[in-house]
Amino acid sequence: SPSSVAATSSSSTAEPSAATESIGDDPLSASSGQLIVGVESKYRVVYRLVNSIYVLGITTADHDNSINVFECINIVNQAVSVIVTACRGVDVTPEKLSRKYAEVYMALDIVLRGVSNIRLAAMLSYMHGDGIAKMVHSALDTEAKIRGADTWPAVELHSTEHQSNIEAFSNASFELPPETLAAGDLKVSTIVPQSTIEQDEKMIKAEESEAEKDPFAASEAINKQEDLVGGFKKTKDPSATDLTLALAGLEVTTLPPAEATQSTDITVEGFEGKYGGIEFGSEQATLGEAFEGFTDAWGGGLDASEFLENKKVKKQEGLSGLELLQTGDSAAPTAAAAGADGGKSLENLLVKSTEMKGPEMYILEEISAEFRESLLARVGLMGVVYLRTMPPRVSGDKDTEFSFRVEGTSSVKRFVIQSSRCSSLGNGMFHVRTPPSEEPIPILKYSLLPRLTPLPLRVRLIKRLSGTLLSVMIQYVSNPELLAPLTDVTFVLKLPVDPTLLKVSPKAVLNRSERELKWHVPEVPLKGTPGKLRVRMPLDSADIDEELEVVGYVKFSVQGATSLSGVCLKPATEGKTDFYEVNHRYQSGVYTCN
């Protein structure tokens, strides 16, 4: 089909309308490029025009870009090389291609299966020489030959021989003759000392005797007579009864002199008194009473309890758990209270709070807008419908499958469906089937018409330069038709230079590294006067320019029961709950003013 199209376009220069109809809906003005065609199922077309022949590479256009566009472009370029080589130049015509149809067909088949630049060059060199067989079969080892590597049939013999040698040596066993062993024992006896040999022989005999004994025989201690006194042997060494020798190895710490235990008398003004010293008296019965004075504040004024009233706080019962050990009727109310209040573990509360009743769906919308002073220059809204399935640990391998309706689509420009998980049934009805997943799954995307896109916030930036003084003001006002006011809105002003002096109203945060000024507005009321953010800063004479670029950014995020666009999700059958619609969210994308 590309050849016939090319032939018609080249021969009908006198009839432009016929050429346009033969090419398609829109003529491709550029010699190369790419475009996306289709409504529900989209395809990416990469094309190149060679003289009068279009070379097209067609692949699916997924939203997650799983198809490598650069790989498709490389395949189209390789196909162009095949066609140019077949026609012996860039003068490519259908007649020349028909003469080399078989070679071109086989070469393109190899290119689609994946081919490197080395193998492609070898294929092109054989196209006009040895024919198809040489081009297809000899190209398999071309890359290995150019890189200097050996082919597998050439080295397979060495690998087999190496493996057989390993097995032979692994299974080999060697036996020495008795004469060699006897000579070795004789040599060892001359090297090893005789005492070591005798000890080894005794150990061997002991092991042999133990091995010959019956393990179940009775012990010889049964027949042995009891000997109580004879077990103790008297010693005649007089030093054994000397206690001084027994205590000679003990070290006794000497006590400090009596002067060290006395206190020191300090006469410095404000610090008068006696400090240090320990006095041991006979009236103190225990060690704790002797040292209990150290727990007090030294001299007063350091103990925080002096500033508090001496009140005894009644301890709450039920914290220690000892009351559960009580028996009788009085323990019943306490145990019941502990079971009602203290029996709830944090784990159970978390499980209940995050427990899902079924599949959940919600909409995430991102709105972008650009204001030039008070005029809206550009606006766009893109929404994504997410599906959160039951966790795999709950549903197992069972797929999530149901149908649903999308309502409030009067302002929608177009829908994009993830065909692997969702399909359109017409009239706003969709059917989804997907395996369970831990993460939310995007199944639908849509965009709104710009003239029907609602704006949650209008922003205006005013810039004035008076001499060396730059004044900037941002005005903002909320859309009164919003169901709830915007909260936690952040305004960021990109300054043209790093300011030396700065005057802002209201207070803002300055980031000198990024040259940004940031305001945080807790809430923008639905009705009322527009809010104002002002900043004034002096400029150096070298930085003064009439075209100073001052840009403001707005960041916000809102979560609620309805979406900003009015798009909502409903079950396919009234009264049937196949899924649960949870809170939707819309947030700012590129929301700027300049």
Side-chain angles (χ1 to χ4, degrees), residues 1-6 8-9 17-50 53-80 108-109 111-113 361 363-366 368 380-387 401 403-434 441-453 565 567 569 572 589:
S1 59
S3 301
S4 61
V5 171
T8 308
S9 63
S17 61
T20 302
E21 294 176 358
S22 65
I23 292 177
D25 296 337
D26 296 322
L28 302 176
S29 58
S31 61
S32 64
Q34 59 174 314
L35 51 89
I36 297 178
V37 298
V39 180
E40 290 189 358
S41 298
K42 295 188 176 300
Y43 299 91
R44 185 186 303 275
V45 180
V46 180
Y47 64 90
R48 277 191 63 181
L49 178 62
V50 184
I53 300 295
Y54 276 108
V55 180
L56 307 179
I58 304 173
T59 181
T60 56
D62 294 337
H63 70 281
D64 54 357
N65 295 326
S66 59
I67 303 298
N68 193 340
V69 181
F70 296 100
E71 184 178 356
C72 185
I73 295 173
N74 184 37
I75 292 175
V76 171
N77 293 336
Q78 290 178 344
V80 170
L108 291 180
D109 182 68
V111 165
L112 287 176
R113 297 174 185 271
M361 296 183 70
I363 299 174
L364 174 61
E365 294 179 337
E366 184 176 287
S368 301
L381 185 144
M382 187 179 74
V384 183
V385 178
Y386 283 93
L387 168 65
E401 182 177 7
S403 299
F404 64 95
R405 289 185 293 116
V406 180
E407 296 182 353
T409 59
S410 58
S411 59
V412 175
K413 181 180 179 181
R414 64 173 182 173
F415 273 99
V416 178
I417 308 172
Q418 188 178 3
S419 57
S420 61
R421 303 178 187 270
C422 185
S423 59
S424 176
L425 304 178
N427 297 327
M429 299 276 291
F430 298 92
H431 184 78
V432 62
R433 181 176 182 179
T434 178
I441 304 170
I443 57 176
L444 286 178
K445 283 187 179 181
Y446 60 88
S447 59
L448 298 189
L449 295 168
R451 58 186 177 84
L452 298 179
T453 301
S565 62
V567 176
L569 308 172

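Heads up: numbering here begins at 1 and tracks the sequence. Just so you know, these numbers use all the heavy atoms, side chains as well, and skip hydrogens, waters and symmetry mates.
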Nearest heavy-atom contact between S368 and G589 is OG-CA, 3.6 Å
Going through the checks in order, is the side-chain contact (heavy atoms from CB on, under 4.5 Å) test met by F415 and V406?
CA-CA 11 Å; F415 273 99; V406 180; 3.9 Å; yes
Rounded to the nearest 0.5 angstrom, the OG-CG distance for S411 and L452 is 5.5 Å
Interatomic distance, CD@Q34 vs OG1@T59, rounded to 0.5 Å, equals 11.0 Å
I'd like to know if the side chain of N77 reaches the main chain of I73, judged simply by a donor and an acceptor atom lying under 3.5 Å from each other, with no hydrogens or angles considered.
yes
In short, R48 meets S32 closest at the heavy-atom pair CG-CB, 3.6 Å
Here the gap from R433 atom CZ to R421 atom CZ, rounded to the nearest 0.5 Å, amounts to 13.0 Å
CD1 of I441 to OG1 of T434, rounded to nearest 0.5 Å, is 3.5 Å
**Prompt:** Is there a side-chain contact between Y446 and I363 (heavy atoms, below 4.5 Å)?
**Reply:** yes
Rounded to the nearest 0.5 angstrom, the NZ-CG distance for K42 and L35 is 11.5 Å
Only residue of V385, L425, I417 satisfying side-chain contact (heavy atoms from CB on, under 4.5 Å) with F430 is I417
Do L444 and F404 come close enough that some side-chain heavy atom pair is under 4.5 Å?
yes
### Task
Would you mind reporting whether I36 and R44 have side-chain heavy atoms less than 4.5 Å apart?
yes
One should read off an interatomic distance between I443 CD1 and Q418 CD, to the nearest 0.5 angstrom, of 8.5 Å
Query raised in the report: Would L56 and V46 count as a side-chain contact (heavy atoms from CB on, under 4.5 Å) if you check the C-alpha gap in whole Å, the side-chain angles of each, and the deciding distance to 0.1 Å?
Result: CA-CA 6 Å; L56 307 179; V46 180; over 6 Å; no
- Heavy atoms, side chains only, cut-off 4.5 Å: are V432 and M361 in contact? no
Residues G408 and V567: closest non-hydrogen pair is O-CG2, 3.5 Å
Check: Relative to each other, are the rings of Y47 and Y54 parallel, tilted or perpendicular (30° and 60° limits)?
Finding: perpendicular
S403 meets the side chain to side chain donor-acceptor pair (under 3.5 Å) criterion, sequence neighbours left out, with H431
Give a yes or no on whether E401 atom CD has more than 12 heavy-atom contacts from other residues, nucleotides or ligands under 6.0 Å away.
yes
